[in-house]
Number of protein chains: 2
Amino acid sequence: MNKIDWKIITALQQNARLTNQELAQIVGLSPSPCLRRVRKLEDSGILRGYQAQIDQTLYGLPVTVFVSIKLERQTDHAIRAFEQAIQDLDEVQECYLMTGPRDYFLRVVSDSLQSYERFVRERLTRIEGIASIESSFAFNQVKQKPRLPPPPTLE
Amino acid sequence: MNKIDWKIITALQQNARLTNQELAQIVGLSPSPCLRRVRKLEDSGILRGYQAQIDQTLYGLPVTVFVSIKLERQTDHAIRAFEQAIQDLDEVQECYLMTGPRDYFLRVVSDSLQSYERFVRERLTRIEGIASIESSFAFNQVKQKPRLPPPPTLE
DNA sequence: ACCCTGATTGGCAGATTCTGCCAATTCAAT
DNA sequence: ATTGAATTGGCAGAATCTGCCAATCAGGGT
């Protein structure tokens, strides 16, 4: 990966629907080598995909909650069971395995506090092996930066 | 917004580089009304944009940290100053204003723990008005779902 | 049941873009 | 300088985009 690849990645993070011609112009190549580089980045896995950004509030899901979860025990079985259960919950947008006192960390979306309460009571707490759940509510999103800093390998 | 719009949004969340023809076929329309709907969703702001998903580890930024921040006072001035400062930090990928004991919640990326420490010491703590900082480290991402549940207005 | 109106759709066609192939160029190492 | 591998630019047929127009559809009022 070199400077041109980095430019490609930066440009596509800001607008994944750029045409190959536009992209080529931005990074200073002609279209065909530019397309080849994009394909290579895709094949290598660095470019994992392209996704539309949705305005959650306008879409109808204005509530964002961060949830810390602790398991009763960290056996292999309990971990796998929990992670599998989480995959099936549509409201869970992201899930991280954490260091420290909390085991998992989730970002959950919902249309209202009522719905979120129902989600916790009827879905989350039904998962086996959960010791505790702690919810933190977001007022709003202050920043969402679709752009990573340059990787250390570039400098 | 109706069922077709929802299909469009779902499809574009999974692959934002679908051609209009492919998208039209998926949602069961011919290309031209499909394109019109996409434009309308863009104009309305529901479709905020399209971004490439990057594999952070392959890219060279394997460390993800969630940071809770408390301000000394919640005056209008302090809040604005903090939010402005945050906008300029490339390492901060997301920032939320929170309810509860913590004021802000950040997702920060870094290439190593050393770099992260430097980031905290040389950048974060230099921002005026911060009372406390608490870092939680992620081992890895267990789930990343590029798909929202159907909005309540559809059911 | 009928008509009327506004919204939505499908098809068409010129303009644009994509993308595989090949020759030319660049660059690094000897 | 010379060689060879990697990368590039240009080309052209195929595919796609996208604005326009007529046809269709939904549903409200009489």
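Labels below follow one simple rule: chain letters A, B, ... track the order of the sequence lines, proteins then strands, and each chain is numbered from 1.
Rounded to whole Å, atom P of D/dA26 lies 13 Å from atom CG of B/N2. Rounded to whole Å, atom P of D/dT7 lies 12 Å from atom CG of A/L41. Between the CD atom of A/Q25 and the C1' atom of D/dG9 there is a distance of 15 Å, rounded to whole Å. Residue A/I4 contributes atom CD1, which lies 8 Å from atom P of D/dG9 at whole-angstrom precision. Between B/L29 atom CG and D/dT18 atom P the separation is 16 Å, expressed in whole Å. Spacing between atom CD of B/Q21 and atom P of C/dT17 amounts to 16 Å, rounded to whole angstrom units. Rounded to whole angstrom, the span from the NZ atom of A/K40 across to the C1' atom of C/dT19 amounts to 16 Å. In this structure, A/N20 atom CG and C/dT16 atom C1' are separated by 13 Å, rounded to whole Å.
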task = Summarise how protein sits on nucleotides 20-27 of chain C as a single string, 5' to 3': B when a protein heavy atom is under 4.0 Å from the base, S for sugar-phosphate-only contact, - for no contact.
result = BB------
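Considering only side-chain atoms of A/T19, the nucleotide from D/dT18, C/dC18, D/dG9 that sits closest is C/dC18.
Residue-level contact check: B/S30 touches the bases, meaning some heavy atom is under 4.0 Å from a base atom.
More than 12 heavy atoms of other residues, nucleotides or ligands shown are found within 6.0 angstrom of CD on B/Q87.
Under the 4.5 Å side-chain contact rule for hydrophobic residues, B/V65 and A/F66 do not share a cluster.
Taking CG from A/N20 and CD from A/E22, the interatomic distance works out to 9.5 Å, rounded to the nearest 0.5 Å.
Across every non-hydrogen atom of A/L18 and B/R17, the tightest pair is O-NH2, 2.8 Å.
A/Q141 and A/T64 share no side-chain donor-acceptor pair at under 3.5 Å.
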request  = Verify side chain to side chain donor-acceptor pair (under 3.5 Å) between B/Y104 and B/E83, making sure each step is shown before the conclusion.
outcome  = CA-CA 9 Å; B/Y104 287 99; B/E83 294 188 359; 2.7 Å; yes
